[in-house]
2 protein chains.
Amino acid sequence: MAIISRDFDAPLGTSAPTLEVPEVVIDRLPQYVRTLTQLLEDGVEVTNSQQLGAQLQVTPAQIRKDLSYFGRFGKQGRGYRVRHLLDELKQILGLDAEWNVAVIGVGRLGNAILNYPGFNPDGFHLVAAFDNNPSNVGTEVGGISVQPMTALAQTVVDRDITIAIVAVPSAHTQSVVDQLVACGVRAILNYTPINAQVPDGVRVRSIDPVLALQSMTYYLAYQGHPTNGHQKTG
Amino acid sequence: MAIISRDFDAPLGTSAPTLEVPEVVIDRLPQYVRTLTQLLEDGVEVTNSQQLGAQLQVTPAQIRKDLSYFGRFGKQGRGYRVRHLLDELKQILGLDAEWNVAVIGVGRLGNAILNYPGFNPDGFHLVAAFDNNPSNVGTEVGGISVQPMTALAQTVVDRDITIAIVAVPSAHTQSVVDQLVACGVRAILNYTPINAQVPDGVRVRSIDPVLALQSMTYYLAYQGHPTNGHQKTG
DNA sequence: GACTGTGAAAAGTTTCACAGCT
DNA sequence: AGCTGTGAAACTTTTCACAGTC
């Protein structure tokens, strides 16, 4: 039982990440990390599930339950030492490591991503950029020299790249994702509006502002759009 | 029973959107819309839950169940007419209307958003931009003249703006969101890494690439990061 | 024969409520 | 007294399986 400080005997070492911890829980941990980081910066040394819940708009019980999957980090009657809990969560999420990231596609969006300063403080280092278009290859974007796609496999190995950000035209998404998977990349942040198919063991997250807007309009549509009367078809 | 073609008597007209339809279902509908749009463009006239499920990596049963909240759109033995189902779903989501959107903050990120061509084809029109910084006010970004924040309330009314995209520095998020809510905006797409507090009836969706990356590293950390041995603290 | 629409079962997730530690 | 950690209960969501229609 070397891996996480949990004391049940789930079959570790299976290739699919079907550990005992529900995926929804994992998805919340980064938010806890962020809130704890904030508290730490504000000089708060001890917190509790009540306070964290208020910040995150989540019930205190949920926070306690989520944390209980990984260990006992608090002290009854007192709460959680902010620094301690933060360190534990970062370690659980693998955020105590530095991660090298490649950006595929240096069009308008890829450019914005490469120039975005928000990744580095969190341990994600954009270390390589690739593009299909010969006129982009060799240019510098965000301090990184753009390489041709043919250099992908070699650079992924040389630079120990484990994560890729895809910002290519929609039509190329699947092909680029296939190439990344073939190179051994197993975490992909997809900025295109395409549902790429990947084998088991590869994770894809999508950033899709249009989908986000479209799921909100449902609630707007009848809560009363000021001027625009929605007429039914059927 | 005017609003949606469903035949149960949930209390409509309540201010919070606690209709009978689960929120997870609403969140999936835009993806169905996208896939159907794709099929339509490819000239496919009839589809079925099997095919849609394969595209979306969702079980056919889930698609049928989701659709059943809104009506009976298919024909047994045949499937769904793509155009018909697409029209129905768009109507349900309010995507048969055009939505005017304001962008708050025209820094690097706001600039990228205002120049992003992906919103308009889906009926979202970026019609106004605001910034606090006097040196940005009056400039043109993405064909839109940047206004001061003081003009917000008036412009929201004049231009029938119902949705806002927030791309300001983190420290200003809550204040900007408060102003938007005060103006009557009830759907906000938040590009900052801050959890804004909003009253009931206001929807916030966040675009947060760092959180997306951080939830993937958990799975990478022990599936075997090529070189980097993760050592436990405790 | 093929597929939808849907109750009912199963699985997953959240919340409750309280024993137990500080 | 105050808060955590956690089984058990409540609730939500997904999947199953099949009657019904084309």
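In the text below, chain A, chain B and the rest are named by the order of the sequence lines, each starting its count at 1.
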Q. Can any side-chain N or O of B:T35 pair as donor or acceptor with the backbone N or O of B:Y32 at less than 3.5 Å?
A. no
Q.
Distance check needed: C:dG12 P versus A:D27 CG, whole Å only.
A. 16 Å
Q: In whole angstrom, give the distance that lies between atom OH of A:Y80 and atom C1' of C:dC21.
A: 13 Å
(Q) Between P on D:dG5 and CG on A:L67, what's the gap in Å once rounded to a whole number? (A) 7 Å
Q) Please give, in whole Å, the distance from D:dG7 C1' to A:E20 CD? A) 15 Å
Please produce a list of atom pairs where a protein N or O lies less than 3.5 Å from an N or O of nucleotides 14-19 of chain C.
{"from": "C:dT14", "atom 1": "OP1", "to": "A:R28", "atom 2": "NH1", "distance (Å)": "2.9"}
{"from": "C:dT14", "atom 1": "OP1", "to": "A:Q62", "atom 2": "NE2", "distance (Å)": "3.3"}
{"from": "C:dT14", "atom 1": "OP2", "to": "A:R28", "atom 2": "NH1", "distance (Å)": "3.4"}
{"from": "C:dT14", "atom 1": "OP2", "to": "A:R28", "atom 2": "NH2", "distance (Å)": "2.8"}
{"from": "C:dT14", "atom 1": "OP2", "to": "A:Q62", "atom 2": "NE2", "distance (Å)": "3.4"}
{"from": "C:dT14", "atom 1": "O5'", "to": "A:Q62", "atom 2": "NE2", "distance (Å)": "3.3"}
{"from": "C:dT15", "atom 1": "OP2", "to": "A:T59", "atom 2": "OG1", "distance (Å)": "2.9"}
{"from": "C:dA17", "atom 1": "N6", "to": "A:R64", "atom 2": "NH2", "distance (Å)": "3.3"}

Q) Rounded to the Å, how far apart are B:F70 CZ and C:dG5 P? A) 13 Å
Q. Between C:dT22 atom P and A:R81 atom CZ, what is the distance in whole Å?
A. 13 Å
Q) When rounded to the nearest 0.5 angstrom, what is the spacing between CZ in A:R72 and CD in A:E88? A) 12.0 Å
Q: Without swapping roles, check the side chain of A:D42 against the backbone of A:V44 for a donor-acceptor pair under 3.5 Å.
A: no
Q. Near DNA chain C, under 4.0 Å by heavy atom, which residues of residues 37-51 of chain B?
A. B:N48, B:S49
Q) Taking B:T217 for the side chain and A:L93 for the main chain, is one N or O donor matched with an acceptor at less than 3.5 Å? A) yes
Q) Does one side chain, of B:Q91 or B:D87, offer a donor that lies under 3.5 Å from an acceptor on the other? A) no
Q.
Output the rounded distance in Å from CZ (B:F73) to P (C:dT6).
A. 11 Å
Can you list, pair by pair, the side-chain donor-acceptor contacts under 3.5 Å of residues 55-63 of chain A, counting residues two or more places apart and other chains?
{"from": "A:T59", "atom 1": "OG1", "to": "A:Q62", "atom 2": "N", "distance (Å)": "3.2"}

(Q) Looking at B:R34 and B:D122, is any side-chain nitrogen of the basic one under 4.0 Å from a carboxylate oxygen of the acidic one? (A) no
Q. Hey, mind stepping through B:L126 and B:I165 against side chain to side chain contact (heavy atoms under 4.5 Å, CB included) and telling me if it holds?
A. CA-CA 9 Å; B:L126 308 184; B:I165 297 178; 4.2 Å; yes
Q. Only one of A:E45, A:Q50, A:Q51 forms a side-chain hydrogen bond (donor to acceptor under 3.5 Å, both in side chains) with A:T47, so which one is it?
A. A:Q51
Q) Atom CZ of B:R78 to atom P of C:dG5: distance rounded to whole Å? A) 14 Å
